[in-house]
Protein chains: 2
Amino acid sequence: MTADDLTLFKKRLAEHGYQVTKAREATFKLLVSAEPQTIREILVKAQGVVDRVSVYRNVGVFEKIGLIHRVHIGWKYKLELSDEFVGHHHHLSCLKCGRVIDIEDEKHIDDFIKEVSAKFGFEPRRHQFEVDGYCKDCRS
Amino acid sequence: MTADDLTLFKKRLAEHGYQVTKAREATFKLLVSAEPQTIREILVKAQGVVDRVSVYRNVGVFEKIGLIHRVHIGWKYKLELSDEFVGHHHHLSCLKCGRVIDIEDEKHIDDFIKEVSAKFGFEPRRHQFEVDGYCKDCRS
DNA sequence: TTCAATTTGCAATTATGTTGCAAATTGGAG
DNA sequence: CTCCAATTTGCAACATAATTGCAAATTGAA
């Protein structure tokens with residue numbers, strides 16, 4: 001993670017009236033260390049450093065202020081940094097090996113969202129797109 | 001639900017070597033009664049009729065043989081009948097009132113999946129697309 | 001440095017999902 | 001229709017995930 005990421009992180013917390021604490025900084029760094037990852041993976045890494053409960057609570061805070069979001073990959077959800085850190089993208093998720101491939105697209109998806117939102121008078125805020133299947137190495 | 005739906009349901013169970021039981025039929029009817037809905041909502045309705053454990057087990061069976069699938073709406077997952085019952089579609093989900101609007105699209109999404117799958121040698125099996133935002137009545 | 005407000009960690013609780021097993025149900029053979 | 005092996009059910013117990021109350025510690029602003 002870059003120094004800028006950390007600065008932005010602190011800025012966002014302050015903007016929303018949250019304090020910058022050791023637990024929050026540590027938890028954020030765990031989130032950045034690999035992604036997307038499950039809450040379970042984060043809890044394991046947090047062992048002895050940040051309490052389970054604080055991890056849950058702060059992940060909740062981070063989500064609320066838009067620092068991270070949940071992506072549903074297969075059954076479980078994983079946590080991922082928000083677009084301002086990693087850029088907007090979607091996922092190809094391998095059903096066999098679990099590999100996640102980031103994909104970009106603004107044309108198809110955004111066009112579609114605009115079109116359908118206009119049709120229903122809907123005001124879109126977030127979207128998620130995910131494709132499950134078999135990656136190059138796992139297809140038989 | 002139509003009589004045809006029930007017939008198809010029984011046919012699919014038989015095809016996969018599963019018995020048609022009262023618990024399964026009751027659970028399927030609960031699934032059809034509203035959708036998409038959370039497992040929790042189904043468990044409440046199943047009170048005194050079908051045991052928790054059997055609901056979980058049969059929902060698992062239904063998923064496995066493709067009668068239903070999970071859709072991730074906001075945080076939670078909901079259960080929805082598969083395409084052969086309700087047709088392939090996606091969702092606009094209201095962050096305020098929870099309303100779910102079904103939307104159709106084959107052009108944008110399918111084109112994009114084809115394009116990106118070819119690029120990465122990926123073999124797509126399922127996909128999910130969801131837009132969260134505010135519906136006509138809830139936008140301020 | 002001081003202090004009110006926020007946040008943390010712990011213990012306890014609730015929610016969600018799973019497993020083993022005896023009893024009941026199902027569906028096919030006769 | 002009756003019988004029976006195989007499947008399925010419901011119960012109790014267990015496992016895992018997430019939340020809550022509260023005293024003690026930390027934070028940041030004066």
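As the structure is a computational prediction, the values presented were derived from the model and not from experiment. Throughout, a chain's letter reflects where its sequence line sits, starting with A, and its residues are numbered from 1.
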Report summary line: Here the salt bridge (Lys or Arg N to Asp or Glu O under 4.0 Å) pairs for residues 49-62 of chain A, sequence neighbours left out, are none
Query raised in the report: Is there a donor-acceptor contact under 3.5 Å from the side chain of B:Glu130 to the main chain of A:Arg126?
Result: no
**Report entry** Pairs where residues 83-102 of chain B contributes a residue and the test salt bridge (Lys or Arg N to Asp or Glu O under 4.0 Å) is met, not counting sequence neighbours
**Finding:** B:Arg12-B:Glu84
Report summary line: Its contact letters, B for base, S for sugar-phosphate only and - for none at protein heavy atoms under 4.0 Å, make nucleotides 11-22 of chain D read BB----SBBBB-
**Report entry** B:Glu115: partners by side-chain hydrogen bond (donor to acceptor under 3.5 Å, both in side chains), with sequence neighbours left out
**Finding:** A:His108
Report summary line: Applying ring-ring contact (aromatic ring centres under 6.0 Å, His included) to B:His16 and not counting sequence neighbours gives none
Query raised in the report: What pairs meet the ring pair (Phe, Tyr, Trp, His ring centres under 6.0 Å) rule with one or both residues in residues 28-56 of chain B, with sequence neighbours excluded?
Result: B:Phe9-B:Phe28, B:Phe28-B:Phe85
Report task. Tell me which residues in residues 58-69 of chain A put a heavy atom below 4.0 Å from DNA chain D, sorted by number, or none. Result -> none
Requested in this report: Could I get the full list of side-chain hydrogen bond (donor to acceptor under 3.5 Å, both in side chains) partners for B:Gln19, not counting sequence neighbours?
Outcome: none
Query raised in the report: Tell me, which of residues 7-35 of chain B have any heavy atom that sits under 4.0 Å from an atom in DNA chain C?
Result: B:Gln19, B:Val20, B:Thr21, B:Lys22
Query - Listed partners of B:Lys119 passing salt bridge (charged side-chain N to carboxylate O under 4.0 Å, His left out), at least two apart - result: none
Query - Contact list for residues 31-42 of chain A, test salt bridge (Lys or Arg N to Asp or Glu O under 4.0 Å), sequence neighbours left out - result: none
Requested in this report: Any salt bridge (Lys or Arg N to Asp or Glu O under 4.0 Å) involving residues 63-72 of chain B? Give me the pairs, sequence neighbours left out, ordered by first then second residue.
Outcome: B:Glu63-B:Arg70
